[in-house]
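Written out below as structure tokens is the structure these notes cover.
As the structure is a prediction and not an experimental result, all values here were calculated from the model.
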Amino acid sequence: MAASAKSFLADAGYGEQELDANSALMELDKGLRSGKLGEQCEAVVRFPRLFQKYPFPILINSAFLKLADVFRVGNNFLRLCVLKVTQQSEKHLEKILNVDEFVKRVFSVIHSNDPVARAITLRMLGSMASIIPERKNAHHSIRQSLDSHDNVEVEAAIFAAANFSAQSKDFAAGICNKISEMIQGLATPVDLKLKLIPILQHMHHDASLASSSRQLLQQLVTSYPSTKMVIVTLHTFTLLAASSLVDIPKQIQLLLQYLKNDPRKAVKRLAIQDLKLLANKTPHTWSRENIQALCESALHTPYDSLKLGMLSVLSALSGTIAIKQYFSSAPGTAATTARSLDLVKLAQECCYHNNRGIAAHGVRILTNISASCQEKDLLPLEQDAVFGLEALLVLCSQDDSPGAQATLKITLTCMVKLVQCRPHLSQSVVESLLTQLHSAQDAARILMCHCLAAIAMQLPVLADGMLGDLMDLYKLIGRSATDKKQELLVSLATVIFVSSQKALSSEIKTVIKQQLENASNGWTAYRIARQASRMGNHDMARELYQSLLTQVASEHFYFWLNSLKEFSHAEQCLTGLQEDNYSSALSCIAEALKSYHKGIASLTAASTPLNPLSFQCGFVKLRIDLLQAFSQLICTCNSLKTSPPPAIATTIAMTSGNDLQRCGRISNQMKHSMEEFRNLATRYGDLYQSSFDADSTTLKNVELQQQSCLLISHAIEALILDPESANFQEYSSNGTAHVESEYERRMMSVFNHVLEEVESLNRKYAPVSYLHTACLCNAVIALLKVPLSFQRYFFQKLQSTSIKLALSPSPRNPAEPIAVQNNQQLALKVEGVVQHGSKPGLFRKIQSVCLNVSSVLQSKSGQDYKIPIDNMTNEMEQRVEPHNDYFSTQFLLNFVILGTHNITVESSVIDSNGIVWKTGPKTTIFVKSLEDPYSQQVRLQQQQGQPPSQQQQQRTAYSRF
């Protein structure tokens with residue numbers, strides 16, 4: 001118990017939390033200088049944690065120099081610990097500033113008489129190859145050690161040679177002959193040859209080197225036909241081809257030849273494994289003949305294990321462009337049809353194979369063919385795919401072994417894909433899933449529910465008749481509280497929420513709540529409530545959040561749940577809206593706003609410094625402002641009745657030349673309202689840009705809110721403010737766009753309906769009549785009647801990315817300015833580290849970081865001089881690409897005007913699609929611009945009325961010499 005508590009404390013880093021970087025380094029340095037070996041080792045192995053916590057060059061440089069000292073004077077065990085630390089911290093190596101000093105300390109051990117010490121040094125040099133690729137002394141030592149009589153040293157030299165070959169073209173070219181001599185030499189033992197051959201995979205720096213390495217490997221394959229030798233050589237061959245790219249088609253042919261002709265199963269397995277690698281890396285290089293040869297081998301092999309491997313290659317290819325190339329036949333070639341049939345024949349044969357894996361690959365191939373060759377008439381294939389999927393579903397849903405579950409996942413993924421591209425098959429697929437749900441194992445039921453929900457999100461296929469089946473199953477789940485049952489409760493509830501997109505009936509609510517009271521824990525209830533919020537069933541969600549309020553341990557959780565309850569209540573208030581009943585609409589919006597204001601207070605109380613809930617607060621504040629804007633717009637529309645235009649309005653309009661004045665005060669109010677909606681749309685755009693880690697559905701949701709603001713502002717402009725120049729073409733939505741959820745589908749239909757209404761009114765009547773105001777009010781009510789969906793990012797963050805900046809020079813005290821003379825430029829160095837959570841790059845990856853530096857004069861000191869406007873401000877931008885999550889760049893800044901300047905450095909992120917995300921952070925430092933001494937002296941003399949001395953007048957850069 002004590003040991004586990006201690007390890008927990010060690011993992012959590014208690015005791016180190018308060019230490020700054022220098023103190024932490026000094027603490028470890030004390031351990032390094034200890035006389036006890038155990039304490040020294042403990043200090044060494046704690047370095048990777050230090051690098052993770054303070055990943056900036058100044059600390060990493062000092063730490064690695066200390067480790068190099070330990071390596072130089074310590075024993076072999078300590079050296080091994082330093083080697084492991086270096087290998088673990090490979091991405092921090094390039095932050096070492098004194099590379100020469102570091103290498104010198106490590107390299108001194110290579111002259112030791114102890115072969116183990118030399119071997120560890122060689123491995124150390126190999127691990128550092130990325131920062132010292134062209135060091136000739138390291139190259140020479142590796143060459144020399146390859147001739148050593150000590151096996152440990154030779155193996156270390158091979159490791160170092162492989163690493164240096166990958167980094168240095170010169171080293172690879174120089175060592176290639178030496179390696180080939182050793183491999184072909186009779187004195188070299190076979191096990192050593194097997195270790196030397198993989199070095200050749202790095203000989204891809206130029207075409208001639210790659211070609212000579214391929215020739216050598218070709219000779220080896222024929223000269224040494226033993227199984228081990230062929231396997232290692234073929235695999236090296238494949239890796240070399242994959243890196244050099246030009247030889248991939250030849251390599252595919254070679255592997256297919258071995259697969260067909262070599263009788264050894266081990267060689268066939270290796271050939272399949274390498275073909276899979278090439279299928280994933282370069283599917284476009286596979287010709288029809290290659291796929292045909294693989295199909296023939298798969299049709300003729302008697303071994304299931306080999307057939308499974310070949311089918312996995314074909315199923316990988318079937319999801320890529322290779323399948324289109326295979327089916328695109330030249331006109332008039334009869335052979336192509338027969339060829340095309342081979343793949344289909346193989347897939348159809350395998351669909352009902354007694355081996356689950358083979359059957360899964362068979363149906364995946366059929367599904368991918370149906371999905372990618374949509375222009376062809378493939379009705380029999382579609383039917384085969386559906387029958388094959390149903391057979392596998394029946395087989396795997398009865399079995400809860402891991403293999404069956406993996407096959408079931410493939411089957412269900414294929415079902416979703418097939419329904420997406422062939423919607424007419426959805427009914428039969430959904431019916432088979434619902435039929436099978438009753439008799440399936442719990443683990444399979446969970447996966448099947450996920451599949452049903454995914455299909456129902458895309459297409460409204462779950463009819464009310466099917467809801468009864470789901471409710472019966474929900475009651476049958478039982479009262480056990482096992483994890484699988486809890487998971488099943490959540491999955492089934494999700495399917496029920498998706499299938500009943502309108503409000504839930506009271507009967508369904510009662511069943512769900514009863515089941516939760518009987519068999520669930522609080523976490524299950526929370527997850528179901530969260531799903532209800534995502535699907536827009538706010539009434540159900542509010543009741544569940546209410547029931548959970550008293551079951552949480554911390555006040556932050558209490559406030560979080562309370563805020564969710566209030567938001568659900570607010571959205572529930574909006575479901576009572578009715579068209580043409582504007583007074584009740586205003587009271588509903590007022591009631592919703594009351595709950596939202598309570599909720600935002602709770603949400604603010606739930607935030608902590610480590611979890612500031614910035615997206616949630618931003619999203620809710622925008623929702624509040626949007627509801628207020630809607631309310632204001634309805635009041636403005638009503639004002640046409642309460643204060644119609646005065647009798648002289650037409651005369652005023654003619655006098656002022658502004659035709660809108662004849663509408664009275666409503667025209668100015670509408671103008672304000674339109675600006676407000678445009679401003680809201682901009683703020684939604686800013687929220688979108690700051691949500692780099694959000695999933696695509698959440699971002700789509702934010703985009704829909706932004707579009708609703710733009711739609712209303714466009715409607716105001718088209719109906720009232722500027723009906724003449726209203727353009728409806730750019731706002732007309734694309735009907736063929738892929739819709740991802742029911743919420744999006746309903747919002748898009750509202751957008752289209754509103755646009756049609758506005759367009760028809762715009763053509764028929766001149767503004768402003770009651771028809772125009774009614775159209776605007778009805779548009780607002782139609783938008784609010786679609787229940788808001790709180791998407792995943794509101795509740796959980798699956799990807800986490802943050803940037804940490806360090807500026808130099810930086811003052812010791814943040815409020816203290818840095819002194820700079822006004823005739824000099826300040827070189828501002830900006831360094832940064834990209835920090836990731838547990839799933840880096842899940843939704844999008846950082847391609848480059850955009851750094852923006854600007855300076856503002858805060859307070860002036862001294863006289864005003866006539867200074868060119870260019871020198872008044874600094875506004876610069878640079879883009880840098882992070883390498884191993886680290887980047888650095890420099891800016892030269894002018895501070896000609898005396899006084900205190902405020903420098904702001906702001907970072908934003910550019911993803912792999914070129915989209916800019918304003919992730920922050922923003923860092924500020926102060927600079928005090930001082931007058932240089934010589935100018936000060938001249939100015940003082942001028943003030944005293946003394947002409948500057950001749951000697952001073954002639955002073956230049958050369959005068960002091």
Report all side-chain donor-acceptor pairs from residues 568-576 shorter than 3.5 Å, counting only partners two or more places apart or in another chain.
{"residue": "Ser568", "atom": "OG", "partner": "Leu564", "partner atom": "O", "Å": "2.9"}
{"residue": "Glu571", "atom": "OE1", "partner": "Arg623", "partner atom": "NH2", "Å": "3.2"}
{"residue": "Glu571", "atom": "OE2", "partner": "Tyr596", "partner atom": "OH", "Å": "2.5"}
{"residue": "Glu571", "atom": "OE2", "partner": "Arg623", "partner atom": "NE", "Å": "3.0"}
{"residue": "Glu571", "atom": "OE2", "partner": "Arg623", "partner atom": "NH2", "Å": "3.3"}
{"residue": "Gln572", "atom": "OE1", "partner": "Asp539", "partner atom": "N", "Å": "3.0"}
{"residue": "Thr575", "atom": "OG1", "partner": "Gln572", "partner atom": "O", "Å": "2.5"}

Using the test ring-ring contact (aromatic ring centres under 6.0 Å, His included), find all partners of Tyr688 that sit at least two apart in sequence or belong to another chain.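 Listed in chain order: Trp917.
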Can you name the ring-ring contact (aromatic ring centres under 6.0 Å, His included) partners of Tyr526, sequence neighbours left out?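 If we apply the ring-ring contact (aromatic ring centres under 6.0 Å, His included) test to Tyr526, skipping adjacent residues, the hits are Trp523.
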Would you please indicate if the ring centroids of His538 and Phe567 are separated by under 6.0 Å?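 When the ring centroids of His538 and Phe567 are compared, they turn out to be at least 6.0 Å apart.
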Determine whether the side chains of [X] and [Y] contain a donor N or O and an acceptor N or O closer than 3.5 Å.
| X | Y | answer |
| --- | --- | --- |
| Gln546 | Arg542 | no |
| Asp693 | Thr801 | yes |
| Thr698 | Asn701 | no |
| Thr697 | Tyr793 | no |
| Thr524 | Asn521 | yes |
| Glu382 | Ser370 | no |
| Gln292 | Tyr326 | yes |

Taking Ser287's backbone N and O only, do any of them form a donor-acceptor pair with Asn290's side chain (distance below 3.5 Å, no angle check)?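 Yes, the answer is positive, given that a donor and an acceptor are paired below the 3.5 Å cut-off.
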Could you tell me whether a side-chain N or O of Gln799 sits under 3.5 Å from a main-chain N or O of Leu842, the two making a donor and an acceptor?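 The answer is yes, because a donor-acceptor pair under 3.5 Å joins these two groups.
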Contacts table for residues 303-316: side-chain donor-acceptor under 3.5 angstrom, sequence neighbours left out:
{"residue": "Ser312", "atom": "OG", "partner": "Gly309", "partner atom": "O", "Å": "2.6"}
{"residue": "Ser315", "atom": "OG", "partner": "Ser312", "partner atom": "O", "Å": "3.2"}
{"residue": "Ser315", "atom": "OG", "partner": "His361", "partner atom": "ND1", "Å": "3.1"}

Does Leu798 CG have over 12 foreign heavy atoms under 6.0 Å away?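 Yes.
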Tyr352 atom OH: more than 12 heavy-atom contacts under 6.0 Å: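 Yes.
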Can you list everything that forms a salt bridge (charged side-chain N to carboxylate O under 4.0 Å, His left out) with Glu390? Sequence neighbours excluded, please.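 Counting only residues at least two positions away or on another chain, Glu390 forms no salt bridge (charged side-chain N to carboxylate O under 4.0 Å, His left out).
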Enumerate the residue pairs fulfilling ring pair (Phe, Tyr, Trp, His ring centres under 6.0 Å) with a member in residues 411-455, sequence neighbours excluded, ordered by first and then second residue.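 Qualifying pairs, neighbours excluded: none.
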